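Computed from a prediction, not measured in an experiment: that's the story for all the values here.
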Amino acid sequence: MSRSAHPAGPRHADVLPEGHYLAPPADLNALDAKVWAQTVTRDESGVLTVGGIDVKRLAEEFGTPAYILDETDFRARARAWRTAFGSDADVFYAGKAFLSRAVVRWLNEEGLNLDVCSGGELTTALSAGMPAERIAFHGNNKSAEEIERAVRAGVGRIVLDSFLEIVRVAHIAQSLGKRQRVQIRVTVGVEAHTHEFIATAHEDQKFGIPLADGQAAEAVRRALQLDGLELTGIHSHIGSQIFDMSGFEVAAHRVVGLLKDIRDEHGVELPEIDLGGGLGIAYTSDDDPREPHEIAKALSEIVTRECEAAKLRTPRISVEPGRAVVGPTAFTLYEVGTVKPLDGLRTYVSVDGGMSDNIRTALYDAEYSVVLASRTSDAGPMLSRVVGKHCESGDIVVRDAFLPADLAPGDLIAVPATGAYCRSMASNYNHVLRPPVVAVKDGEARVIVRRETEEDLLRLDVG
Ligand SMILES: *Cc1c(COP(=O)(O)O)cnc(C)c1O
């Protein structure tokens with residue numbers, strides 16, 4: 001699937017795939033508002049600025065590469081989700097997209113809840129003051145120790161992922177003298193991607209309990225019998241970077257079908273339904289994501305309609321956007337190190353980071369865009385591939401983009417929409433140091449996650 005995984009290195013002559021969206025933009029210096037955080041612009045001298053601070057100053061003060069996060073934009077997006085769903089629904093930010101204590105505080109202040117899926121994420125959330133009852137604990141293999149910590153802390157919900165876990169959580173809660181609120185994660189046979197979805201009866205994946213063959217119904221039966229558990233709802237998460245809402249429609253139809261079966265069998269109407277996350281953002285000018293209020297309206301109409309048809313009270317909805325909150329809020333600032341034209345093919349632009357700070361291009365064939373950030377240019381377009389400094393030919397940050405032909409070492413370039421799944425998936429490959437996250441707001445910049453140092457590396461390496 002991944003074009004970059006060929007062991008002999010990248011293929012030749014795939015200059016641009018046929019029908020590719022990419023054509024040289026009319027203006028290489030323009031900033032498409034769709035892919036940039038809201039306070040990003042160019043100042044009079046043409047330098048990219050965010051929150052009133054220009055990137056040359058940011059590079060001088062904090063070094064490169066760096067993730068530059070627009071706090072104003074983050075708060076605005078979080079608020080938009082919160083407002084769109086109103087008081088009848090809950091928004092859980094998926095912490096795996098990017099989690100830090102500053103982010104937890106912003107979420108708390110903006111009224112969002114938080115999904116965690118490991119002890120590390122739980123600790124981060126609690127240490128920054130997120131009330132435990134607003135935390136949901138996810139994952140397909142939570143350890144007994146993690147479950148115990150979550151139950152003791154009093155998390156608002158644990159999302160059960162397997163038959164084993166139903167028993168495990170019940171046992172731990174009971175031994176602590178508690179009754180833990182839980183949801184059961186089901187797989188509904190819907191696999192959703194950007195512009196299409198596949199609906200089948202079965203789903204072949206590690207998460208959740210299949211609706212198929214009455215398995216989810218059996219899980220509900222067991223959970224309802226256990227004293228340590230209070231089953232409050234059903235959870236479904238169908239994919240990521242989704243633009244087309246019809247996958248949610250099929251998922252909601254199937255989940256509501258289960259709620260109806262539960263009512264018919266047990267006389268219980270479960271009060272909650274969680275439709276997961278996965279809502280898409282614009283990585284390039286080609287992407288057209290929907291606004292939170294449109295998504296909220298669509299989802300609530302779908303659930304209401306399905307429940308009316310099933311003669312069920314409409315349950316309280318929750319959603320779990322990660323990427324759609326934090327993704328567009330940050331860009332990665334790199335310094336150009338080398339520029340290598342390959343005649344008839346493209347120009348390789350090497351930056352001071354790479355797959356260690358953005359693995360998504362190598363891992364998922366993700367598409368990104370890029371601009372020259374430290375100045376504007378009148379030069380013509382140069383078909384470029386932005387690559388990192390790692391010892392791996394698949395180390396690509398932006399597969400295909402146009403940059404000005406006069407691009408030179410020392411220039412700063414910026415890759416937008418790197419707020420989600422970049423720092424959180426960063427590695428130390430080649431012992432490259434993970435970049436800092438710098439939050440900018442109203443003319444002030446501060447580090448919220450500091451740059452890794454060589455001392456950090458040596459501290460873990462105990463000889
Ligand atoms: C990953 C994940 C999310 C968030 O997905 P995004 O694509 O970032 O919105 C939400 N819920 C669950 C259960 C997930 O695994």
Side-chain angles (χ1 to χ4, degrees), residues 3-4 6 9-17 20 22-32 35-36 42 45-48 54-60 62-68 283-285 331-362 365-418 422 429-430 432-433 435:
R3 279 175 288 169
S4 54
H6 195 281
R11 292 186 320 199
H12 289 278
D14 59 338
V15 175
L16 272 184
H20 194 276
L22 204 65
D27 177 1
L28 281 174
N29 301 311
L31 301 172
D32 183 346
V35 299
W36 292 94
R42 287 191 191 269
S45 63
V47 182
L48 195 85
D54 78 67
V55 294
K56 283 170 136 175
R57 213 183 105 197
L58 290 168
E60 228 161 77
F62 303 104
T64 55
Y67 304 103
I68 310 294
Y283 284 104
T284 72
S285 296
F331 61 86
T332 314
L333 188 63
Y334 298 103
E335 186 178 299
V336 174
T338 72
V339 178
K340 188 188 287 181
L342 294 187
D343 286 345
L345 288 170
R346 73 185 84 245
T347 297
Y348 279 83
V349 174
S350 297
V351 295
D352 47 358
M355 66 192 299
S356 55
D357 60 69
N358 187 346
I359 190 67
R360 292 190 65 259
T361 307
D365 263 342
E367 284 182 333
Y368 283 93
S369 51
V370 57
V371 298
L372 172 56
S374 47
R375 60 186 174 93
T376 51
S377 166
D378 296 328
M382 165 175 86
L383 179 62
S384 308
R385 176 163 290 174
V386 178
V387 297
K389 61 182 288 167
H390 296 279
C391 301
E392 153 87 38
S393 53
D395 172 25
I396 297 168
V397 178
V398 185
R399 189 176 305 279
D400 301 302
F402 288 95
L403 282 163
D406 64 350
L407 191 76
D411 280 332
L412 300 174
I413 62 175
V415 174
T418 59
C422 286
Y429 183 40
N430 292 135
V432 167
L433 306 166

Residue list, side chain to side chain contact (heavy atoms under 4.5 Å, CB included) with Thr376, at least two apart or on another chain: Asn29, Arg42

Polar side-chain atom of Arg385 near backbone of Arg399 as donor-acceptor pair, under 3.5 Å: yes

Test item: Leu403 and Val386 side chains (from C-beta on) under 4.5 Å apart, heavy atoms: yes

For Thr338, side chain to side chain contact (heavy atoms under 4.5 Å, CB included) partners two or more places apart: Ser350

Salt bridge (Lys or Arg N to Asp or Glu O under 4.0 Å) pairs, two or more places apart, involving residues 403-416: Arg375-Asp406, Arg375-Asp411

Partners passing side-chain hydrogen bond (donor to acceptor under 3.5 Å, both in side chains) against Thr64 (at least two apart in sequence or in another chain): Asp352

Under the side-chain hydrogen bond (donor to acceptor under 3.5 Å, both in side chains) test, residues paired with Ser384 that sit two or more places apart: none

Residue pair Tyr334, Val415: steps toward the side chain to side chain contact (heavy atoms under 4.5 Å, CB included) verdict: CA-CA 8 Å; Tyr334 298 103; Val415 174; 3.8 Å; yes

Rounded distance [0.5 Å steps], CD in Glu367 versus CZ in Arg360: 10.5 Å

Pro341: side chain to side chain contact (heavy atoms under 4.5 Å, CB included) partners, not counting sequence neighbours: Thr347

Those residues that, when tested against Phe331, pass ring pair (Phe, Tyr, Trp, His ring centres under 6.0 Å) (two or more places apart): Trp36

Asp54 side chain vs Lys56 backbone, donor-acceptor pair below 3.5 Å: yes

By ring pair (Phe, Tyr, Trp, His ring centres under 6.0 Å) - contacts of Tyr67 (at least two apart): none

With Asp395 via side chain to side chain contact (heavy atoms under 4.5 Å, CB included) - residues at least two apart: Met355, His390, Glu392

Enclosure of Asp378 CG (heavy-atom neighbours >12, cutoff 6.0 Å): no

Side-chain donor or acceptor of Ser369 paired with backbone N/O of Tyr283 under 3.5 Å: yes

